[in-house]
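Worksheet: the structure to be examined is printed underneath.
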Amino acid sequence: MQSENYLRHEHVAVIYLNNPPVNGMGHSVRQEVSTHLDAALADQEVSAIVIMGAGRMFCGGADIKAFNTPASRAEPSSRTLLKRIEASAKPVIAAIHGNALGLGLEFAMGCHYRIAQRGAALGLPEVKLGILPGGGGTQRLPRLVGVEEAVSMIIDGSSVDADNAMALGLVDEVAPGELLPAALAFASRVSRNTDHPVVSRRPAAKAATPDFFEKERARLAKSRRGFPAPLECLACIEAATRLTFDEGLQFERERFDVLVNGTESKALRHLFMAERAAAKIDGVAPDTPTADIARVAVLGAGTMGGGIAMSFANAGIAVTLVESRAEALERGLATIRKNYSATAAKGRISQAEAEARIARIEGTLKFEWVAEADLVIEAVFEDMALKKEIFGKFDTHCKAGAILATNTSRLDVNEIAASTRRPQSVIGLHFFSPANVMRLVEVVRGSASSPETIACAMKVVRQIGKLPVLVGVCDGFVGNRLSAHYAREAEFLLEEGASPAQVDGALQAFGLAMGRFAMADLAGLDIGLASRKRLATTRPAHLRYSKVADRICEMGRFGQKTGAGYYCYEAGSRTPAPDPLIEQVIVDCAREAGITRRPISDEEIVERTIYALINEGAKVLEEGIVQRASDIDLIYVNGYGFPAWRGGPMFYADTVGLTRVYARICEFHRQHGEFWQPAPLLKRLAEAGKTFAKPD
Ligand code: NAI
């Protein structure tokens, strides 16, 4: 028998896993492997079997879309297949190129031998999706590489390359060149052996010290707060040290089932799929031609400009950093050098690499130097007149076809674009602070931005290792627009009876990386003050307005940088301490506004702030500012410290149930007035029993 996925090379049968793009081990692949395995085992002429991947890789893992469906467990299961492979008298060799990830690596570990092409990556990244390797990985890996190494690979979800895998004992041979001939030669050699190694028959693994697991558990409880999967992975590896292989497999299955049905794993899988969905853009074909970005010019060497310049230099792209003031340029370049030295001192990059990155950033006071750039990113003060003047000058100085980007956090990208003769080339690239660290970039599509400009912007953001999410123009775009509503409710709750520490405590218990007020102190209260001043004239007089933040600023307290804000900070400390002075400011503001303070529950704090995000999110979605609810989730998880294990605000709303969320919002509307006008989309979905994930 010969077929596309089953070939005979003399006495070696080669079975291909073939399910583009990553050879995901769905039911049909397992069925096909099973059929070919039957043929190879029955064929007298075959003395060894090689299993390899067609196309780019061995196998990228299970088919995650099939999780929580009967197809994921349909026979032949991977467990059944591996039992047959282990029982086979003919050696079965996994020949790995590209990636062997998740179920791909678990499958390979169930084969007698593994040969990997140099450069291949092997890993069990399941933890990143809130699950554990449920195909025997937690039982086989510690038996192969030892407990400590298995813990590090499974709990970090990180991969090792072929050479490291060889050193660890995870593979038996590294093929420096072409894989197939090396695999065939290996197969011929081992086919002469009378006996073949079976990982599951190895003795149970042992930890180096008796308290190893206890210490790891304590570490994970702190470092992975809110995530159950790392602890479950650890429990399974521990099971591999005290149970038989079959009992361990049973234990792994039970823990897997708990995780895969839990909200956390559904949330993480939702975010995984959301990232893939975010790359698909209405009106921009996937094959839209994009220019190569070899040089970037960044205008402004301040907080954002410096971080943006570093992000490109990190990815090997040359940067011209343009300033208007010599001292600002010197300060900006010095900060960049200091950041790189600190990274090198921590051992994250070599000294030589730090110097290479610094050398990629060239500072200048000459505006004309933007001429060489394929992409220009303006990061000067948040001042419309200044930005318009600069974009006007781009017409004269920038090369034809250059992408003209602004890092504005709230200003109207269309108005900025109108100041050039090339509005089609203008786009917003809204980086988050610190820009060299934060992964999110809101790519703001202006009404004139061309498909080529959008496609190129999305591509270059990915190229520098960040996550681009396309949004439309509105005040604050998506992230800052939503968070204005969240911040407003947090502020109102102070006047109504809560303290900054209580609000922050409730939000942190919900899972946010930081509470609203500690975050505001970190970012600097002057940022909010500037935008409140700008919007003051447009604020209707009858609407409730909390003066607490303005009062705090009037006291000269701008947050951590001045040693005090909503909290006070001891010299050199970043730990917020409650301040009776602020308590008094809050009480005064409440009295002046005629508010009788009352005890506020933590539940109300979470609902008022998070439901404010959700309600505004529904409006943003309905206005077409984003294409899908999951784009909002990506923005909130990657830019605002929203807990990934809750999947983002819109996914969280789905898990609470839109009927309940809508009912509470209606109640808040009755109690607190027009800020809580329910989003029409939310009303429709709630009444139809639908979700944001599946609105149709
Ligand atoms: P910044 O005040 O730290 O830096 C602005 C820099 O631009 C200054 O060094 C200034 O000398 C320089 N500059 C002014 N006019 C210039 C000109 N004509 N040519 C070249 N350089 C000029 O400001 P920051 O915080 O970096 O903000 C920059 C932009 O990024 C603003 O539009 C802001 O809204 C936006 N943004 C800020 C975020 C933040 O957290 N700071 C977050 C996201 C966006």
Side-chain angles (χ1 to χ4, degrees), residues 68 261-271 273-274 277-278 282 469 471-472 474 476-490 492-493 496 506-507 510-512 543-544 600-637 640 642-696:
N68 307 93
N261 290 309
T263 308
E264 293 79 7
S265 118
K266 287 182 185 156
L268 295 177
R269 277 180 278 150
H270 161 74
L271 291 170
M273 302 311 287
D282 291 346
V469 181
V471 303
C474 62
F477 313 124
V478 173
N480 286 343
R481 170 167 161 186
L482 265 62
S483 66
H485 294 261
Y486 157 90
R488 178 199 69 225
E489 288 304 310
F492 286 175
L493 284 160
E496 287 168 40
L507 291 172
F510 175 77
L512 282 161
L543 278 184
R544 180 176 167 190
I600 307 273
S601 70
D602 287 0
E603 190 189 1
E604 180 175 351
I605 291 171
V606 169
E607 288 187 339
R608 291 269 297 276
T609 51
I610 304 298
Y611 290 7
L613 287 179
I614 295 165
N615 198 35
E616 194 63 16
K619 292 179 187 173
V620 158
L621 185 58
E622 189 154 37
E623 287 168 27
I625 300 292
V626 288
Q627 281 178 230
R628 45 187 96 72
S630 63
D631 291 344
I632 301 174
D633 290 331
L634 286 180
I635 289 171
Y636 252 78
V637 168
Y640 294 82
F642 198 95
W645 51 273
R646 292 204 190 265
M650 309 313 274
F651 183 84
Y652 172 67
D654 281 348
T655 61
V656 172
L658 296 191
T659 322
R660 181 183 152 79
V661 173
Y662 174 63
R664 288 296 281 156
I665 287 176
C666 290
E667 232 171 288
F668 293 148
H669 188 210
R670 280 192 296 277
Q671 291 165 1
H672 303 285
E674 72 186 85
F675 284 124
W676 282 98
Q677 185 69 46
L681 174 66
L682 175 62
K683 178 175 193 287
R684 281 202 309 280
L685 293 177
E687 286 172 354
K690 299 268 169 64
T691 59
F692 287 120
K694 291 206 174 71
D696 309 317

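A quick note: this is a predicted structure, and the numbers were derived from the prediction, not measured. Numbers here are sequence positions counted from 1.
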Problem set entry | Tyr486 backbone acceptor or donor facing Ser483 side chain under 3.5 Å |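 Not confirmed, Ser483 side chain does not pair with Tyr486 backbone.
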
For this session: Mark yes or no for whether Asp654, through its side chain, and Phe692, through its backbone, hold a donor-acceptor pair below 3.5 Å.
Result: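 Yes, Asp654 side chain to Phe692 backbone: donor-acceptor pair under 3.5 Å.
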
Exercise. Can you list the residues that meet the side chain to side chain donor-acceptor pair (under 3.5 Å) rule with Ser630, with sequence neighbours excluded?
Worked result: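 With neighbours one apart ignored, the set is empty.
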
For this session: List in chain and number order the residues that pass side chain to side chain donor-acceptor pair (under 3.5 Å) with Arg660, two or more places apart in sequence or in another chain; answer none if no residue qualifies.
Result: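 So Arg660 forms a side chain to side chain donor-acceptor pair (under 3.5 Å) with Glu607.
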
Among residues at least two apart in sequence or on other chains, which ones pass ring-ring contact (aromatic ring centres under 6.0 Å, His included) with [X]?
X      : result
Phe477 : His430
Phe492 : Phe675
Tyr652 : Phe510

Exercise. Got a sec, which residues hit salt bridge (charged side-chain N to carboxylate O under 4.0 Å, His left out) with Lys683, two or more places apart in sequence or on another chain?
Worked result: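 Scan of Lys683 (salt bridge (charged side-chain N to carboxylate O under 4.0 Å, His left out), adjacent residues dropped) gives Glu687.
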
Measuring only between side-chain heavy atoms, which start at C-beta, is [X] closer than 4.5 Å to [Y]?
X      : Y      : answer
Ile610 : Phe642 : yes
Leu658 : Leu682 : yes
Glu496 : Ile600 : yes

For this session: Sequence neighbours left out, what pairs pass salt bridge (Lys or Arg N to Asp or Glu O under 4.0 Å) with at least one residue falling in residues 666-679?
Result: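 Salt bridge (Lys or Arg N to Asp or Glu O under 4.0 Å) check on residues 666-679 returns Arg664-Glu667.
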
By side chain to side chain contact (heavy atoms under 4.5 Å, CB included), which residues pair with [X], not counting sequence neighbours?
X      : value
Pro680 : Glu622, Arg684
Ser601 : Glu603, Glu604
Ala267 : Phe651
Val626 : Val471, Val478, Val620, Leu621, Asp631, Ile632

Rounded to the nearest 0.5 Å, how far apart are [atom1] of [X] and [atom2] of [Y]?
X      : Y      : atom1 : atom2 : answer
Ile665 : Arg608 : CD1   : CZ    : 12.0 Å
Leu613 : Glu489 : CG    : CD    : 10.0 Å
Arg628 : Asp633 : CZ    : CG    : 12.0 Å
Leu482 : Ile625 : CG    : CD1   : 11.0 Å

Exercise. Any side-chain hydrogen bond (donor to acceptor under 3.5 Å, both in side chains) pairs touching residues 610-621, not counting sequence neighbours?
Worked result: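 For residues 610-621, and leaving out neighbouring residues, the side-chain hydrogen bond (donor to acceptor under 3.5 Å, both in side chains) pairs sorted by first residue read Arg481-Glu616, His485-Glu616.
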
Exercise. If you take all heavy atoms of Ala686 and Tyr662, which pair is closest and at what distance?
Worked result: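 Of all heavy-atom pairs spanning Ala686 and Tyr662, the closest is CB-CB, 3.7 Å.
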
For this session: Check the angle between the aromatic planes of His672 and Phe668 and answer parallel, tilted or perpendicular using the 30° and 60° thresholds.
Result: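 The arrangement is tilted - the two ring planes meet at 30° to 60°.
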
